[in-house]
Q: 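Here you go, one structure.
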Amino acid sequence: MIRAEISGTFESWRTQARSYLFDEVKPQLIDWADSNDDQGTLLELFQTTEHQNKLSQPVHSSTHRVPVEFIQRAEIVSAHRDTGRWALLYRMLWRLTHGEAHLLDMSIDPDVSLFDSYFRLVRRDMHKMKAFVRFKEMKDPKSGEIYYTAWYRPDYNIVRLVAPFFARRFASMKWSILTEDQSAYWDTVQLTYTAGVPRSRAETQDQTESLWKTYYSSIFNPARIKLRAMSKELPKRYWATLPETEVIRELLRDSPARLQDFYHRQTPSAERWLPPPSKSPQDKQSQWNDLRKAAQLCQACGICENATQAVFGEGPLDAKIVIIGEQPGDQEDRKGRPFMGPAGQLLDQALMEAGIDRSQIYLTNAVKHFKWKPQGKLRLHQRPSSGEISACKPWFLREMQIIRPEILICLGASAAQSVLGKQIKLADARGQAWKTQWTDQTWVTIHPSAILRTSTPDTQAQEYERLVQDLKSAVALG
Ligand code: URA
């Protein structure tokens, strides 16, 4: 039996796992254990994660290929507190590379089922931490420098997973997030991790509670206040670290007035996540690359929280035809490419019948993240709201500035709403060319998913035929 001691980080497991895999060491021969020396030291304050990662590059590089999805999820699972998680991850890695390439699809397999449930639990905890961490302003007594600090108690060991999110969001502030497991420091340039601290040591100064209360009052959405749901979502133990819970009672008192006011102020938009407009507009490819990269960081609306990634448009940047759908679905969310699932397959078939070559068109979506709700093991599609569609529109506007299509085809009401800027009835809007800021050949037709949802094979066949006809009309007249 080999004893493999992991220093608590996923990178450390990954390095060792690669090496064992390279040497074909079977899972049952390894005794994985936490070495507990990842608590950090003062010395570590001066080291970046990148530096540590470089130090721990694998000695061997394995020739085995594993799905990126496994690695991404495994990193999240590694934050679970089950001491058996490293063994579980290696067992799955072994199976994926030894004849079970589709293991992740076998949700009833005991390893996969445990892996999936740990993934969900940790993801939820990450989501909570992003929502509930509250910083307080602190002042260095010697230098007078201002920095921010927060104490938080996550269920799992997620500091390293969530700290990069705060580094992006509060990039220009110096801050630390302290937990009992581990602490993260951001100095506006690099992230550093050190040992955890008990709460009693974390709270030494108290200047900003009132700031938080003011901030919370201004973002408070009375329409969302359901006290029972709130205490379920936000268990009492979080309340102690949230100064704004003290002001909720007061805020509720003048709720109706606030409600009015709130909707007027609430205009989420992806605008602030857009990269600056390019100085050399002729370089379409690099503009598009920057745009696509920036979309991965977008948090304009809440959808991104549960999505795996932003799914950006794809296709030739000089395409004459752009087709816009509603939002990525389950498979698109996993693969990072539009129209890859059942609706995409139906669209491919319809395009072929209409004589349109998919490789010559640019395909995109009105909303770039997958909005879903869980139902058992399934991720059920949820229609994006009008606010979410308009929040996401800046990405589409930039895509259109680059591509400048001659023909623009909207699949379904959400896409049409984004493009035409108003809610429409599909039946009224299809069968005619609309004039928009991009082209007077803007068309609206049914979304392939709507065809898949129709109840009888006959209606399905009719609707499909109409889709093909609509596509033909759009390209014939365009
Ligand atoms: N439905 C869409 O609207 N877009 C996709 O990318 C997939 C399904």
Side-chain angles (χ1 to χ4, degrees), residues 69 270 288 291-292 295-296 298 301 303-304 306-316 319 321-352 354 356-373 375 378-393 395-400 403 405 407-420 423-424 426 429-430 442-454 460 463-464 466-468 470-471 474:
E69 183 192 350
W288 184 86
L291 204 57
R292 185 175 189 275
Q296 292 305 330
C298 183
C301 66
I303 304 182
C304 61
N306 289 326
T308 311
Q309 56 194 313
V311 177
F312 212 64
E314 67 172 30
I321 306 175
V322 167
I323 296 187
I324 172 171
E326 181 190 74
Q327 61 164 336
D330 179 78
Q331 296 204 30
E332 290 80 11
D333 171 76
R334 294 175 199 274
K335 294 179 181 152
R337 296 180 56 199
F339 289 100
M340 300 303 290
Q345 283 158 20
L346 193 65
L347 179 65
D348 284 352
Q349 196 184 321
L351 286 171
M352 214 163 65
I356 304 171
D357 181 354
R358 173 167 170 154
S359 69
Q360 297 304 308
I361 59 181
Y362 186 85
L363 275 171
T364 190
N365 281 299
V367 170
K368 305 296 193 242
H369 282 105
F370 175 37
K371 182 175 179 182
W372 60 277
K373 66 172 184 195
Q375 192 178 76
L378 294 177
R379 303 195 298 167
L380 274 199
H381 162 275
Q382 290 218 285
R383 202 171 167 182
S385 68
S386 295
E388 287 156 351
I389 293 172
S390 66
C392 211
K393 190 162 171 178
W395 298 112
F396 174 67
L397 292 175
R398 282 283 186 91
E399 284 177 294
M400 291 298 94
I403 296 157
I407 301 168
L408 175 54
I409 304 173
C410 311
L411 301 178
S414 298
Q417 183 180 342
S418 177
V419 169
L420 302 177
Q423 284 182 340
I424 50 104
L426 195 66
R430 71 197 291 189
T442 300
W443 294 78
V444 177
T445 185
I446 192 168
H447 194 290
S449 313
I451 302 181
L452 293 173
R453 282 196 301 268
T454 49
Q460 202 165 79
E463 288 296 348
Y464 174 75
R466 271 196 83 189
L467 169 65
V468 174
D470 282 352
L471 293 172

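Starting from 1, each residue takes its place in the sequence as its number. Both ligands and their constituent atoms are indexed starting at 1 by order of listing.
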Q: As a test of understanding, state which of Lys393, Glu326, Gln327 forms a side-chain contact (heavy atoms from CB on, under 4.5 Å) with Val367.
A: Gln327
Q: Mind checking whether Phe339 has an N or O less than 3.5 Å away from an N or O of ligand 1?
A: yes
Q: If you measure only the distance, is there a donor-acceptor pair under 3.5 Å linking the side chains of Thr454 and Glu463?
A: no
Q: Return a yes/no value for Glu326: is any of its N or O atoms, backbone included, closer than 3.5 angstrom to an N or O of ligand 1?
A: yes
Q: Give a yes/no on ligand 1: does His447 have at least one heavy atom closer than 4.0 angstrom to it?
A: yes
Q: Please confirm whether the backbone N or O of Thr308 pairs with a side-chain atom of Asp333, one donor and one acceptor, at under 3.5 Å?
A: yes
Q: Tell me which protein heavy atom sits closest to atom 4 (N) of ligand 1, plus the residue, atom name and distance to 0.1 Å.
A: Asn365 OD1, 2.7 Å
Q: More than 12 non-hydrogen atoms from neighbouring residues, nucleotides or ligands closer than 6.0 Å to CD on Gln296, yes or no?
A: yes
Q: Could you list the atoms of ligand 1 found under 4.0 angstrom from a heavy atom of Gly325?
A: 3 (O)
Q: Closer than 4.0 angstrom, basic N to acidic O: yes or no for Arg334 and Asp330?
A: yes
Q: For Pro338, take its heavy atoms, then give the atoms of ligand 1 lying under 4.0 Å from any of them.
A: 6 (O)
Q: For atom 8 (C) of ligand 1, which candidate among Glu314, Lys335, Gln327 provides the closest heavy atom?
A: Gln327
Q: Where the side chain of Glu332 meets the backbone of Met340, is there a donor-acceptor pair that is under 3.5 Å apart?
A: yes
